[in-house]
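Notes follow once the structure below has been shown.
Atoms within each ligand, like the ligands themselves, are counted from 1 in listed order. Reckoned from all heavy atoms, side chains included, excluding hydrogens, waters and symmetry mates. What you see is a predicted model; the values in this text were computed from it and never measured. For reference, positions follow the sequence shown, starting with 1.
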Amino acid sequence: MNKVIGTDVSRKDGRAKVTGTATYAAEHQIPGLVHGYLVTASIANGQIKSIDTSAAEKASGVIDVFTHKNLPKVFMPTNDFMTSKIYEARLPLSDDKIHYAGQIIGLVVADTFERARDAAHLVKVEYATQKPVVEAAKATFKEAPPQMGEEPKFEKGNFATGVAGATTKLTATYKTSTEMHAPMEPHAIIAHWQDANSLTVYEPSQWVFATQRTYAELFGLPSERVRVVTPFLGGAFGCKAFPWPHGILCAAAARKLQRPLRVVLSRRQMTANSGHRSETEQTVRLGATADGILTAIAHEAKSCTSPVEVFAEPCTGVTPVMYTAPNLQLTQELAVLNIGTPTFMRGPGENPGMWALESAMDELAWMLKIDPVELRLKNEAKEHQRKGQPFSAKHFADCLRVGAEQFGWKDRPKQPRSLTRDGQLVGWGMAGSTFPGLRGKASVKVRLLPDGTAHVLTAGNDMGTGAYTVVAATAADALGLPVKKIQVEMGDSLLPDGGLAGGSMMTASLVPAVMVACEQVLKTANAKTAQEAFATLGKSGRAAFEATASSAPGDEAKKWAFQSWGTHFCEVSVDEEIGRLRITRWVSVMDIGRVINSKTAASQVRGGVIMGIGQALMEECHLDPNVGYPVVYDLATYHLASHADIPRIEVFFVGEPDLNFNPAGVRGVGEIGITGVSAAIANAVYHATGKRIRDLPITPDKLL
Ligand code: MOS
């Protein structure tokens, strides 16, 4: 047994994606489809004085125009995350207020996309304008409310006393910029009402059941009246789990018109209407003894939200997990800006948090003249200091050792500016990486068919991560079949609830469920192997053997803290004359429990590293401080890392199955790869140049 798990399995969905037969939300062909185009606000703060839609209504092909004056009834959902959730707490078009530039203020529906777009530009709006606040430096920060049940403040021991007794002290402030998700597939939806009370939604969704419950509540329907279809997502990093205003508006308009309606956001519209990662400012204070033992850690984080949602980027979550100190203090503050609503984005909190913490640890290592790998080994936390629980499985020390070995860290010159190559400065840097081990309940159906294939069905999603492949590999092993005999269907609310593709939990949720469902179907067939089951099936005259089973977390989280670990080691070269920074070498080592598919798992780490390189070097979304409009608004103006920016990324896995976590011993890998990347780069830049950059991104002007 166990021939497939742990090996390199190529993507089940790869061929469909590269040949264009994978159907994304906006591509579903629905007879009679009509097209919506959003009208958005051209001011960032104020009120609509008047809105004149008469010219738009008369334009050719226009079917209807929706504004705050005529939006059909939509109900406020529970919005507690588990029952239902909308990303922005204000319902679209619910009044005449403008909270941020680009806010949706109307929807024009026409027979073609071009006619809808053309007519949208004929809508005339007069505003009462107030000066927006879009700069964090001018905003008022207050203590953040609890986020996902976690209080903004935490204190263990007494920081002031702890730091007073330290021989070496560091205080440093680190910043990150507003970042956009920029998935390849834009946000899009087709809302198709079969009748006034039956809705099918084609929308990229990381969590079809939550999306189903939310649309049901929005329109006052029982859940089973709503079907959500998302077989494929063209990338999602936390921005595609719940309805955004455009989706709600599209479904409301389609209900009124009783015609299938499609709304696709332009890249510019996505800037304001589909979430971003807030800019952050974090101050880290460290106190240590002369031999590098931490006595005190304080981590203060600030982030910004929009006027219509409370979302605090939870940066301090990583601190009690990474390093131990008798005195530990965490605070989290939040300010409201006139900008679109921020949300979860790959490693929400963990990513900026590790930027600050892992930069600070590097600075401390230089102050103490201790190797940064050594400093981390000396101080690694043995328990989760906030939860007061031991880690179920922790191989962070192995990640440090293996990374150092694979990279050749011991040959590192001990002074900044001491390595050069081809007339450029060269530097080496490293940082730790971490993300919680999360898992939810998942259900899976397995069907054995007379043609010798097994079908595995679940509403869980593959958002580009490799979930189709992981499900197939797991079923192949459990049934004793080759991977090519396994067919997987995912992402439809008619299938058993597979949970959320987020929080890096899809694999950890689904794999145990696939295992029990496979066991169950063999039991149903009264067979030991699938081959035996197929033989019985042939004789029995039955159409199929079928079983549905679930797997869910028990109370193991009362005993253990579950966490994944990793390290990044990198080399950079800097041309100081033109401020050019290049990443020339990369090694990542991850402890993610048992690895189901080494190929897709390594790809997830590489994707995280690439996204982290973008954050470190180029990603920033500026807003005009006077009018509050983003001056970065598409894939030409928002700079993302592309092929030429990326070196070969070597990925290694260490650790062992985390069997306290689930019977498969598997934790997730979607987000951890991005954490620590920007710190590893800034640490390497310091080694290369002697310049400490504390403000992301590290653009050429900062290196001149
Ligand atoms: Mo992720 S930010 O949980 O999709």
- Shortest non-hydrogen pair, Ile592 vs Ser564, comes out as CA-OG, 3.7 Å
- Give the atoms of ligand 1, by number and element, whose distance to some non-hydrogen atom of Pro348 is under 4.0 Å. 2 (S)
- Message: Pairs of nitrogen or oxygen atoms closer than 3.5 Å, one from Met463 and one from ligand 1: do any exist?
- Response: no
- among protein heavy atoms, the one nearest atom 1 (Mo) of ligand 1 is Glu671 OE2, 3.3 Å
- Message: If the cut-off is 4.0 Å to any non-hydrogen atom of Gly238, which atoms of ligand 1 fall inside it?
- Response: 1 (Mo), 2 (S), 4 (O)
- Would you say the side chain of Phe242 lies within less than 4.5 Å of the side chain of Phe81, judging by non-hydrogen atoms? yes
- Query: Are Lys153 and Glu143 close enough, and set up right, to give a salt bridge (charged side-chain N to carboxylate O under 4.0 Å, His left out), and what steps lead you there?
  - Reply: CA-CA 8 Å; Lys153 265 193 190 154; Glu143 186 177 298; 3.2 Å; yes
- Message: Is a donor from one side chain sitting under 3.5 angstrom from an acceptor on the other, for Arg439 and Ser551?
- Response: yes
- Met345: numbered ligand 1 atoms lying under 4.0 Å from its heavy atoms: 2 (S)
- Query: Are Arg268 and Tyr633 in a cation-pi contact, defined as NZ or CZ under 6.0 Å from the six-membered ring centre and within 45° of the axis?
  - Reply: yes
- Distance under 6.0 Å and angle within 45° of the ring axis: does Lys12 meet both against Tyr468? no
- Which residue holds the protein heavy atom closest to atom 2 (S) of ligand 1, what is that atom called, and what is the gap in Å? Phe237 O, 3.2 Å
- Query: Any idea which protein heavy atom is nearest atom 3 (O) of ligand 1, and the distance to it?
  - Reply: Gly503 N, 2.5 Å
- Would you check, one step at a time, whether the test salt bridge (charged side-chain N to carboxylate O under 4.0 Å, His left out) holds for Glu333 with Lys142? CA-CA 5 Å; Glu333 294 189 340; Lys142 291 189 191 143; over 6 Å; no
- Message: For Gln206, which part has a heavy atom under 4.0 Å from ligand 1: side chain, backbone, both, or neither?
- Response: side chain
- How does Arg346 reach ligand 1, if at all, at less than 4.0 Å between non-hydrogen atoms: by side chain, backbone, both, or neither? backbone
- Ligand-side contact atoms (ligand 1) for residue partner Gly502, heavy atom cut-off under 4.0 Å: 3 (O), 4 (O)
- Aromatic ring proximity Trp565/Phe435, centre distance under 6.0 Å: no
- Message: Distance under 4.0 Å to a non-hydrogen atom of Phe344: what atoms of ligand 1 satisfy this?
- Response: 2 (S)
